[in-house]
Amino acid sequence: MSPAMLGLLLDAFLETLVMVGISSALSAVLGLPLGVVLVATSPGHIRENAIVNRVLGAVVNAGRSTPFIILLVAIIPFTRLVVGTSIGTAAAVVPLTIAAIPFVARLAEAALREVDPGLIEAAQSMGATPLQIVLKVLVPEALPGLVAAITITVVTLIGYSAMAGAVGGGGLGDLGIRYGYQRFLPEVMLAVVIVLIALVQVVQSVGDRLARRLNKRLLRSQQPSA
Amino acid sequence: MIELRDLTKTFQTEGGPVRVLKGISLTVQKSEVFGVIGRSGAGKSTLVRCINLLERPTSGQVIVAGQEITALRGRALRQARHSIGMIFQHFNLLSSRTALENVALALELAGRSRRAARAAAAPLLELVGLADKRGRYPAELSGGEKQRVGIARALASEPAVLLCDEATSALDPETTQSILALLRDINRKLGLTVVLITHEMQVIKEICDRVAVLEHGEIAEMGPVFDVFTAPTAEVTRRFVRDLVDRELPANLVARLNARPELGGNPVLRIVFRGPSAHSPVVAEVVRQFGILLNILQATVDYIQGAPYGNVIVEAIGGEQDVARAIDFIRGKDLKVEVLGHVAGDARAVA
């Protein structure tokens with residue numbers, strides 16, 4: 001591969017990092033609270049509310065069931081409203097984030113639901129407010145699961161970000177299609193795939209390690225050494 | 001300290017409404033250890049959870065320290081809960097927090113800063129004998145240690161009342177003893193009122209002052225532990241007491257027991273020792289004074305709240321007159337004697 005090609009690869013890699021990094025962070029910030037609300041308003045939980053729960057559930061399901069490639073195109077007007085353009089890396093962040101929010105919310109909901117109801121009850125018996133229960137019991141206890149949820153989201157966003165190339169978002173997927181496929185440069189395609197595999201491996205193993213480190217349900221001897 | 005007035009609780013289930021509590025009224029005195037015993041499904045867990053309104057009763061009132069808890073909601077209820085500590089069968093400790101941090105949680109929830117809460121939690125861990133385990137996570141603690149952390153956490157907000165929901169049911173007998181001793185100790189030291197629910201007779205016997213026996217959502221019997229246990233009136237209580245003091249006769253003895261004295265044989269007596277005479281050597285006196293022999297077939301002596309309670313079954317060997325006089329003598333000592341029947345021949349071989 002030529003130095004010019006390597007330069008392109010590096011640029012594409014950085015674009016992918018930016019797209020995935022920003023959309024992961026934003027979707028975590030917006031999706032985790034949504035997951036908390038989904039759990040807290042569910043039947044028998046700390047703030048049971050059937051209407052909120054059902055409406056949010058329906059919205060989340062709608063978001064989850066829309067194919068990403070359609071979402072990408074469908075929300076172009078919204079993207080333009082937010083970032084001023086519908087082309088480029090910044091523009092790709094918008095649909096990526098929108099797609100990932102319900103994804104994070106559902107995964108977070110599952111993790112938060114795993115928290116022993118006895119702990120919530122104990123907190124209530126100590127006079128905890130619903131907000132205190134969320135911040136001091138639910139989130140800390142579900143933290144390993146939440147970290148795993150974010151890890152899965154990041155990996156999924158890496159895959160989605162390849163599609164974001166379709167709106168000129170750049171990144172590794174875009175490079176692979178334009179050079180590897182359309183210009184018949186199989187070595188570029190191969191390089192892109194290898195870099196993506198390595199990236200996913202790194203993200204997954206960092207996420208796994210972090211989740212294990214945070215999980216105090218295991219005895220210390222079973223945890224990875226610091 | 002705690003007053004329950006005509007408490008009822010009905011759960012709506014798919015199979016229709018289920019009445020779990022059917023009008024419970026009781027009063028727990030200040031600094032008393034009050035036990036509630038019942039089989040599973042008797043409603044005892046619901047009852048204790050109604051006291052701090054983890055479960056809101058369908059009707060009736062709960063009054064703790066002069067305050068009607070059932071009239072409270074939201075903020076006022078949360079405030080009131082600070083003065084009612086609770087411990088649980090499965091401890092309910094946060095796995096993500098160390099022993100010290102778990103105790104501190106109670107204080108953080110009451111509005112103290114993380115740092116202040118931790119500082120205040122340390123002496124509580126010391127009180128329950130876990131000063132050296134402060135940095136351990138629950139996964140690294142034994143069941144007994146976890147419950148000690150639970151107790152320290154419940155005491156953190158300096159409650160007037162401690163509710164124990166099957167607090168020893170997940171522990172082995174030895175650990176149960178040590179936890180009960182700790183609860184007793186705290187009750188005496190801090191003057192804490194304790195309400196304890198359990199399905200184990202042993203627990204009630206060990207530390208409770210008074211007991212209510214719950215069956216099908218109703219109080220079957222209530223009173224001082226010694227009275228309820230040594231002279232049970234309700235069938236359910238008798239069954240519980242049987243767990244404690246084996247009052248069943250051995251099957252092979254029952255088979256040979258004859259209810260008709262005219263067929264001859266030696267009378268079999270059950271002597272129940274309770275009260276002051278339980279300390280005197282009645283059996284020896286009878287043997288010496290009336291010249292009869294008492295062959296002990298079965299005997300148990302138990303201590304309930306430190307008072308002895310004995311149950312002895314003997315075969316009385318001797319003249320009819322002597323035996324009758326001996327029975328009168330024992331009754332004169334204010335002990336209960338009951339002729340269970342007669343055994344022909346050599347009951348000793350049976351025993």
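Chain identifiers are assigned alphabetically (A, B, ...) following the order of the sequence lines, protein sequences preceding nucleic acid strands; residue numbering begins at 1 within each chain.
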Residue selection (most heavy-atom pairs with chain B, distance under 4.5 Å) from A:G127, A:A122, A:P117: A:G127
Structural part of B:Q89 lying under 4.5 Å from a heavy atom of chain A: neither
Interatomic spacing from CE in B:M1 to CD in B:E32 - rounded to 0.5 Å: 11.0 Å
Carboxylate-amine/guanidinium proximity below 4.0 Å for B:E101 and B:R134: no
Under 3.5 Å side-chain donor-acceptor pair for B:S45 and B:D165: yes
Segment of B:R49 engaging chain A (4.5 angstrom heavy-atom cut-off): side chain
Max heavy-atom pair count under 4.5 Å with chain A, selected residue of B:L77, B:L93, B:N52: B:L93
Residues B:E145, B:R148: salt bridge by 4.0 Å N-O rule: no
B:E108 and B:R97 ion-paired at < 4.0 Å: yes
Toward chain A, the part of B:L94 with a non-hydrogen atom under 4.5 Å: both
